[in-house]
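Taking it in order: structure first as structure tokens, then the write-up.
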Amino acid sequence: MTVPHGFFIGMMYSIHYFEGLLLDTVNKHKPWIETSYHGIITENNDTVILDPPLVALDKDAPVPFAGEICAFKIHGQEMPFEAVVLNKTSGEGRLRAKSPIDCELQKEYTFIIQAYDCGSGPGGTNWKKSHKAVVHIQVKDVNEFSPAFKESVYKATVTEGKIYDSILQVEAIDEDCSPQYSQICNYEIVTADVPFAIDRNGNIRNTEKLSYDKQHQYEIMVTAFDCGQKHATEDVLVRVNVKPVCKPGWQDWNKRIEYRPGSGSIPLFPSIHLETCDGPVSSIHSTIELQTNYIGKGCDRETYSEKSLQKLCGASSGAIDLLPSPSTTTNWTAGLLMDSNDIIFKFDGKQGAKIPDGIVPKNLTDQFTITLWMKHGPSPGLRAEKETILCNSDKTEMNRHHYALYVHNCRLVFLLRKDFDQADTFRPAEFHWKLDQICDKEWHYYVVNVEFPVVTLYMDGTTYEPYLVTNDWPIHPSHIAMQLTVGACWQGGEVTKPRFAQYFHGSLASLTIRPGKIESQKVISCLQACKEGLDINSLESLGQGIKYHFNPSQSVLVMEGDDIENINQALRKVSYINSRQFPTAGIRRLKVSSKVQCFGEDVCISIPDIDAYVMVFQANEPKITITGMDHFARPAAQFESERGVILLPDIRIVSTVTKMEHPVDLREHDRANKQVVVEEMLHNLDFCDVLVIGAELDPEQECLELDHGELQGKHLDATNSTAGYSIYGVDSMFSYEQVLRQLRYRNWATSATSDRKFRVKCSELNGRYTSNEFNLEVNILHSSNSNFMDHVNHMIVQPQFLQSVQHPEGSVSAVHNSVVPSVATIVIVICVSILVFVITLGVYRIRTAHQHSSAEREGAKENEMDWDDSALTITVNPMEKYEKPHQIEEESEEEDIDDEEDDTTSAESDDSEEEEEEEEEVIVQKGDKQNATRQEQLEWDDSTLPY
């Protein structure tokens, strides 16, 4: 019988139904776990410690599979944990991390976990799961990070003299996740022995008052500790700057300012500024004072002689210097105390000087001028005696003062008593001035202009009228001679023995008297002008609201303004200037005093003075060298002529200065080999003297002459005497050369003179720098020896072959011997005897030789010895080898041989001057080559010779 298909299907459903009922009967219960769990895991570890432990229970136990736990499952997104079953029967499990846990990334985790049984059989079918339990896990931190500071360097500024609760706070952080390891529990100062402390919060304070003078800055190292006592891997630097207590005053200026000659104008305070400590300033008043009263005569002035200065300033001529430098002609100052650098005479109350008769006219006119520099202090005693500067009194018998200038009780008094033949009425006689400067121990320039009966005093260029004028009767005429004195007054009568009285205590300089003329204000200002002072660079950019004022000598500058920054800018432009080419070296003190006014108050703050100084360096000392032809001879007729003979036709004055080069890259061990550089420089001279060596000039038969027209247009003047000729005045070396080249020597009685010697010496700054002594010898040729000269001169000196040789150091050759000694004379006589034999053979060569040698001689004449032999007949040595132009090299060799022979002759010349005078033979020879080689050689004038 066939079974229907539906029957089988029904049977299958029945079987499955009964099987399900059977299984449900076996696995009747779900697993059970706790509702929540709390766990802890240490970072970098995989084990989780749960509370309570992970255990699942199933009531189907001990039925296999149904009563067993097969799995724990975690629900959550990408949880880094997994749960594993340790024992299926007991249901014990474990929670662990699948990868290392980092607390710094996540401190805790929360997720769901469920337990699953093993179902009804080995296949795990019909399993059941527990309810959901919450698991909360905290990550336990490990102290793996060290504290680190937020800043690499901490800085703070404190004011000296204060104790601070907290100067600054340092702060460190820790990257650990837990409070125990991430919090900073302590800070510590590592640097020892510093006056600072730090608390656990990082606040640094000072433990004592700090001093700016003791230390400007402190550097301390600080470390930090976390609560696990792990310290920072790197300590941090803390800089604490100490600033002084705000004190009003000028800041950023240098006490020493250096000035080198030729620098022009240099700023004194290029970075200065005023600190007012936030005061409400309304105006500032500053005075800058350059204190130069201890330099020379009150400041750096030209140190030329009074005559030269007066010529330079355009003063009237005729001034008589009563205090000149001691010399043979001005010897009355020889016994006085003197500062030779500035020609300052110091009077100690025990000295006086008599002016020789004839220096100053006996009777002064109604117009004259007295000028002087004076430094004077308070007179000793309550009722001090008169202190005489200048006095003209009776030489003997009586004690009358005709005119005088003196100081009495800090008053300057000028006395002028007229003679009866000049006035016969009661006339002004004493003029009194009362000035503080007379006794302030400072240098001042005084000018007394007398235009009788008016007398005017100029002090430092300012006019002062006398506060008291007393009258007196004229002096009765007498035959008594008068004595003019300086530094004391001569008392010739009323005493047992004439003597000095009324001595002066102080210093005097440049005391002059000019009869017949008075000086102008312009000249007076020039004579006392300072060559150094204060200056302002760029006046146009001085700034608005700035008022300024200089005193006449520019040693004091006053500035005023209402804006601090404008005043700062103005003071930065204040400079020092010294226009002298050779300034006086030394210190010039500077003082800046200031007053500040505030709104609504007279004076609000006090500004300390600035005390600084300018250091003026010594100028390089110049070397003045005079060169030229130092020996020549002329026929007597030229000296006897109306114009005479020019002494110095080619004189040359040159000044050089030696400097040391300092290369930037010069190493220390090479500094001993610094290169020396000699440079020519231009500067003025103030006198040149042409002095006679030996006996003075005899005015009855000889003199030195100069056309005064040569001095016109120059700041030069000249004086003449039997001792020589003096040219003085401040002018260039070129001007002095021009004048000296026109100086002539005349001798209208030459029979008694065969030679004359002169010495030339020049000066700058009144002898501060002097030249070498240039010696000149002049020979007078008489007709008695002209024939002899015809034979020997051309043989001894061959001008066309001689060359000018300059000393390597530029020095001038010494005085050369110009006369032939006896031994040399004998040799020459023998040579002449031999030459006589061959004279006739050389006559025919003269004409042809002249044509060939004239051109060469013309080039050599300028530097050779200048002989004017227009009246002589020269016989040429026929044996002399006359070279052609292409044979110059051979000629030079022959010249060297001749030089050696000349040296030998010169060496033999010292013992035979008397025989030479008898022979009257003059031979010009070269001097010792070790001293200097003559630069100018013998010059022949053969234009008139017959050929």
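Numbering of residues begins at 1 and proceeds along the displayed sequence.
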Pairs where residues 194-218 contributes a residue and the test ring-ring contact (aromatic ring centres under 6.0 Å, His included) is met, not counting sequence neighbours: Phe196-Tyr218, Tyr212-His216
Short side-chain donor-acceptor distance under 3.5 Å, Asp460 and Ser553: no
Donor-acceptor contact present, side-chain Glu258 to main-chain Met615, <3.5 Å: no
Identified side chain to side chain contact (heavy atoms under 4.5 Å, CB included) counterpart of Leu557 within the set Leu571, Ile536, Thr287: Ile536
Sequence neighbours excluded - side chain to side chain donor-acceptor pair (under 3.5 Å) pairs with any residue from residues 228-247: Gln217-Asn241, Glu219-Arg239, Thr223-Asp235
Between Gln597 and Ser282, a side-chain donor and acceptor under 3.5 Å: no
Side-chain (Asn568) to main-chain (Leu274) donor-acceptor, under 3.5 angstrom: yes
Qualifying residues under side-chain hydrogen bond (donor to acceptor under 3.5 Å, both in side chains), relative to Gln138, sequence neighbours excluded: none
Name every donor-acceptor pair, under 3.5 Å, that has one atom in a side chain of residues 182-192 and the other anywhere in the protein, sequence neighbours excluded.
| residue | atom | partner | partner atom | Å |
| --- | --- | --- | --- | --- |
| Ser182 | OG | Ser178 | O | 2.5 |
| Tyr187 | OH | Ala172 | N | 2.9 |
| Thr191 | OG1 | Met221 | N | 2.8 |

Smallest separation among heavy atoms of Leu534 and Ser555, with atom names: CD1-O, 3.6 Å
Pairing residues for Glu565 by the salt bridge (charged side-chain N to carboxylate O under 4.0 Å, His left out) criterion, not counting sequence neighbours: Arg572
Side-chain donor/acceptor of Asp117 to backbone N/O of Lys128, under 3.5 Å: yes
Whether Asn206 side chain and Pro195 backbone form a donor-acceptor pair below 3.5 Å: no
Partner residues of Arg96 under the salt bridge (charged side-chain N to carboxylate O under 4.0 Å, His left out) criterion, sequence neighbours left out: Glu82
Asn578 backbone acceptor or donor facing Tyr259 side chain under 3.5 Å: yes
Ser286 side chain to Met559 backbone, donor-acceptor under 3.5 Å: no
Where at least one partner belongs to residues 249-289, residue pairs that pass disulfide (SG to SG under 2.5 Å), sequence neighbours excluded: Cys246-Cys277
Heavy-atom pair with the smallest gap, counting every atom of Ile546 and Gly561: CD1-CA, 4.2 Å
Side-chain donor/acceptor of Gln291 to backbone N/O of Arg589, under 3.5 Å: no
Residue pair Val558 / His285: nearest heavy atoms and the distance that separates them: CG1-NE2, 3.4 Å
With sequence neighbours excluded, residues passing salt bridge (charged side-chain N to carboxylate O under 4.0 Å, His left out) with Asp563: none
Any residue meeting side chain to side chain contact (heavy atoms under 4.5 Å, CB included) with Ile49, in chain and number order, not counting sequence neighbours: none
Donor-acceptor under 3.5 Å (Asn551 side chain, Val556 main chain): yes
side-chain hydrogen bond (donor to acceptor under 3.5 Å, both in side chains) involving His131 - partner list, sequence neighbours excluded: none
Any donor-acceptor pair under 3.5 Å from Glu92 side chain to Leu86 backbone: no
Residues in ring pair (Phe, Tyr, Trp, His ring centres under 6.0 Å) contact with Tyr109, at least two apart in sequence or another chain: Phe81
Qualifying residues under salt bridge (charged side-chain N to carboxylate O under 4.0 Å, His left out), relative to Lys441, sequence neighbours excluded: none
Main-chain N/O of Arg256 paired with Asn254 side-chain donor or acceptor, under 3.5 Å: no
